[in-house]
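Taking it in order: structure first as structure tokens, then the write-up.
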Amino acid sequence: MRIVFLNPQGNFDRTDAYLTEHPDFGGQLVYVKEVALALGRLGVDVDIITRRIRDPEWQGFEQMLDDFGQLADRVRIVRLPCGGDAFLAKEALWPHLPEMADAIADFYADKAPDFLTAHYADGGYLAVLLKARMGLGFTFTGHSLGAQKLDKLISSTGKSFESLDDRYRFSQRIDAERLAMADADTIIASTSDERMSQYGHPLYTGAIEPTDDRRFRVIPPGINSAIFHADSSLDERETLARLRSGVRNPGRPHVVVASRLDPKKNVAGVVEAFCRSPELASGADLALFVRGVDDPWAGIEALRADEQAVLGPILDRIRQAGLIERVSFVNARSQRELAAGYRLFAASGSVFALPSLFEPFGLAPIEAAACGLAVVATRNGGPSEIFAGGAGVLMDPEDPEDMGRAFLEGLDRYPQLARAGIERVLSTYTWDKTAAAYLEQIETNRGIGVRAMEGAVPVLDASRRIRAYLDKA
Ligand SMILES: O=c1ccn([C@@H]2O[C@H](COP(=O)(O)OP(=O)(O)O[C@H]3O[C@H](CO)[C@@H](O)[C@H](O)[C@H]3O)[C@@H](O)[C@H]2O)c(=O)[nH]1
Ligand SMILES: O=P(O)(O)OC[C@H]1O[C@](O)(CO)[C@@H](O)[C@@H]1O
């Protein structure tokens with residue numbers, strides 16, 4: 001059997017060269033790669049279809065056919081044209097997806113694959129186009145849906161829909177999501193909370209009914225336990241020395257943050273909570289993993305403009321609070337270094353903070369928990385289900401007082417939380433389980449036959465629907 005993963009946004013290479021360096025290279029990439037590799041281990045042939053990029057700034061994505069090396073001989077990376085050679089942000093891909101659908105149909109002209117799995121709104125839209133054209137069934141995994149992002153950006157920035165739409169293309173994204181939800185054979189959600197609350201958003205009414213059991217399958221993602229584990233005995237001395245060199249007070253417990261510098265990840269919220277709580281600042285230091293710069297106090301020009309726009313005010317706030325000596329910056333260059341850094345901080349009883357305004361699932365906190373950190377996470381989204389029953393502490397990411405309280409509780413109860421977190425992650429979140437569940441679902445779907453598509457694929461434009469929703473709200 002050959003299963004295709006549709007993830008047009010680009011990237012995928014043997015060395016994970018740009019993981020988390022660009023805003024479009026995050027957890028979804030890790031997810032697609034890990035599930036694809038795990039399906040390969042189950043004996044399935046897998047193609048990850050993605051954008052071909054020929055850009056001197058983003059080298060390594062030029063070849064059409066590639067793979068992940070000897071350990072994954074069943075998994076191919078297939079890079080096809082979509083909107084020219086230059087790297088493009090995901091929001092710029094919409095007009096080019098029909099071109100990519102043509103290229104995919106040509107690529108499989110001699111032998112069609114057996115099933116598609118589509119990722120994010122853009123992969124979902126591609127699947128809708130391919131199903132109409134090639135009669136292939138598909139699963140849709142949203143990863144993150146536009147409606148929640150729109151809500152949070154409107155409430156946190158006060159910007160108009162028009163200006164946000166201009167930047168984030170919600171009109172295209174939300175329509176693409178609606179089409180993918182309506183047309184998918186199965187929608188894969190990471191948690192029941194994601195299924196009910198995210199797919200239940202009023203902007204998806206009419207496209208999907210979240211209580212319809214026939215349309216959903218909840219499949220939790222996983223962690224790579226060869227990387228994220230609590231055994232520090234194998235960590236390389238040089239890596240540890242480099243990571244430790246950025247830490248001002250290595251023996252103290254820390255509040256650790258490792259998120260992309262994206263406003264919705266709300267790193268500034270943790271900094272605000274830390275600066276406001278003398279009790280917290282007297283009991284712990286703050287450690288911020290910021291990839292791409294060793295010492296931000298010496299300058300942040302190496303970061304992209306949008307990252308500088310997030311980090312600049314954070315530095316100002318720390319300076320203004322007189323807490324420079326209490327904040328460490330760590331530059332982890334890969335997931336292996338990130339995991340070694342987590343273990344370093346776990347040794348001093350530290351907590352991992354996930355302060356996102358909204359987090360659809362959250363691989364970062366389960367990876368941190370597997371390395372022995374106690375988790376304090378946003379109550380908005382997946383973490384409320386992942387860490388239910390006391391495996392972590394939940395907080396309101398928009399309330400610095402509540403965040404301060406949650407961090408103190410996490411530090412105070414470190415031994416118990418760290419133990420409960422590891423148990424929860426190891427018993428529930430493995431990529432092999434994720435892949436086995438995908439395979440089972442795909443085999444079931446193939447047995448049933450492909451759901452018929454109703455009507456033609458319309459032009460993507462949800463702007464009237466979104467305006468009507470916002471007027472009502
Ligand atoms: O310096 C770093 C920091 C992070 N990471 C990795 O980046 C990923 C981040 O993933 P996640 O915490 O899940 O966040 P997003 O990148 O925002 O991923 C999206 O997609 C994920 C998979 O569906 C969901 O879990 C998220 O909620 C959703 O926002 C993790 O695997 C990290 O190990 C690195 O490799 N290096
Ligand atoms: O902020 P958004 O657009 O909801 O994006 C979240 C998505 O962004 C990415 O980080 C990059 O596309 C994905 O990994 C994730 O699914």
Side-chain angles (χ1 to χ4, degrees), residues 7-11 16-35 50-51 88-91 93 119-124 141-153 164 167-170 172-174 176-177 188-191 193-194 198 219-224 227-228 243 256-267 288-293 329-342 352 354-371 375 377-378 380-383 385-386 429 431 434:
N7 191 102
Q9 288 171 25
N11 210 3
D16 295 333
Y18 298 94
L19 213 59
T20 78
E21 239 173 66
H22 187 278
D24 292 353
F25 297 157
Q28 179 182 327
L29 191 82
V30 173
Y31 180 114
V32 168
K33 174 179 160 181
E34 296 285 357
V35 180
T50 195
R51 249 193 107 223
L88 292 177
K90 63 188 170 197
E91 290 84 4
L93 295 182
H119 298 269
Y120 196 77
D122 44 21
T141 313
H143 294 281
S144 172
L145 297 179
Q148 279 80 22
K149 179 163 177 163
L150 174 66
D151 281 348
K152 283 295 170 198
L153 285 177
L164 290 170
R167 159 75 180 83
Y168 294 105
R169 306 282 167 205
F170 286 112
Q172 278 85 17
R173 176 175 176 180
I174 287 172
E177 288 166 346
I188 308 236
S190 294
T191 61
D193 174 84
E194 179 188 357
Q198 298 181 49
I219 302 181
I223 54 155
N224 183 335
I227 298 176
F228 296 101
L243 294 171
V256 177
V257 187
S259 293
R260 291 180 276 126
L261 289 173
D262 176 319
K264 79 172 192 182
K265 295 288 185 182
N266 190 30
V267 179
L288 304 178
F289 280 77
V290 174
R291 197 174 141 159
V293 56
F329 287 92
V330 187
N331 179 6
R333 297 179 193 146
S334 63
Q335 279 192 316
R336 286 188 188 279
E337 288 200 6
L338 186 67
Y342 288 164
F352 179 83
L354 182 81
S356 313
L357 297 173
F358 187 84
E359 189 62 50
F361 179 76
L363 295 177
I366 59 173
E367 293 167 350
C371 295
V375 172
T378 179
N380 300 335
E385 188 168 322
I386 304 171
Y429 301 107
W431 291 116
T434 313

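Computed from a predicted structure; not experimentally measured. Atoms within a ligand are numbered from 1 in the order they appear, just like the ligands themselves.
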query = Can you find an N or O of Q335 that's nearer than 3.5 Å to an N or O of ligand 1?
reply = yes

Heavy-atom proximity to atom 26 (C) of ligand 1, picking from K149, R336, H143, E359, points to E359

**Message:** Ring-plane angle category for Y342 and F228, please: parallel below 30°, perpendicular beyond 60°, tilted otherwise.
**Reply:** tilted

With heavy atoms and a 4.0 Å threshold, my read on which part of F358 contacts ligand 1 is neither

Min over Q28, K265, R260 of heavy-atom distance to atom 10 (O) of ligand 2 lands on R260

Counting from 1 in the order shown, the ligand 2 atoms closer than 4.0 Å to a non-hydrogen atom of H143 are 16 (O)

Ranking D16, I227, L338 by closest non-hydrogen atom to atom 3 (C) of ligand 1, top hit is L338

- prompt: Quick one: do E359 and K265 make a salt bridge, cutoff under 4.0 Å?
  reply: yes

Once you measure the plane-to-plane angle for H143 and H119, does it fall in the parallel (<30°), tilted (30-60°) or perpendicular (>60°) bin? tilted

Here the atoms of ligand 2 under 4.0 Å from any heavy atom belonging to R173 are 2 (P), 3 (O), 4 (O)

Is there a nitrogen or oxygen of Y120 sitting under 3.5 Å from a nitrogen or oxygen of ligand 2?
yes

Of R260, Q28, K265, R291, the residue with the heavy atom nearest atom 14 (O) of ligand 1 is K265

* Check for a donor-acceptor pair, side chain of R51 on one end and backbone N or O of Q9 on the other, with a separation under 3.5 Å. => no

Within 4.0 Å of some non-hydrogen atom of S144, the atoms of ligand 2 are 2 (P), 4 (O), 5 (O), 6 (C)

Separation between CG (L150) and CZ (R173), nearest 0.5 Å, reads 9.5 Å

Notebook entry, point to check: Is it true that a side-chain atom of T378 and a backbone atom of S356 form a donor plus acceptor pair closer than 3.5 Å?
Noted result: yes

Rounded to the nearest 0.5 Å, the CZ atom of F358 sits from the CD atom of Q148 at a distance of 4.5 Å

Note: ligand 2 atoms sitting under 4.0 Å from heavy atoms of Q9 are 11 (C), 12 (O)

Taking only non-hydrogen atoms of G26 and a 4.0 Å limit, the atoms of ligand 1 in range are 16 (O)

* Please check if the side chain of N380 supplies one atom and the backbone of L357 the other of a donor-acceptor pair under 3.5 Å. => yes

For E367, the atoms of ligand 1 under 4.0 Å from one of its heavy atoms are 30 (C), 31 (O), 32 (C), 33 (O)

- Task: Apply ring-ring contact (aromatic ring centres under 6.0 Å, His included) to the pair Y31 and Y120, showing each step before the final yes or no.
- Result: CA-CA 11 Å; Y31 180 114; Y120 196 77; over 10 Å; no

Is there a heavy atom in G362 that sits closer than 4.0 Å to ligand 1?
yes

In ligand 1, the atoms that come under 4.0 Å of a heavy atom of F228 are 33 (O)

Ligand 2 atoms nearer than 4.0 angstrom to some heavy atom of K149 are 1 (O), 2 (P), 3 (O), 4 (O)

Contact region, L363 to ligand 1, non-hydrogen atoms below 4.0 Å, reads both

**Q.** E385 side chain vs D193 backbone, donor-acceptor pair below 3.5 Å
**A.** yes

For K264, the ligand 2 atoms with a heavy-atom partner under 4.0 Å come out as 1 (O), 2 (P), 4 (O), 5 (O), 6 (C)

Across all chains, not counting sequence neighbours, the salt bridge (charged side-chain N to carboxylate O under 4.0 Å, His left out) partners of E194 are none

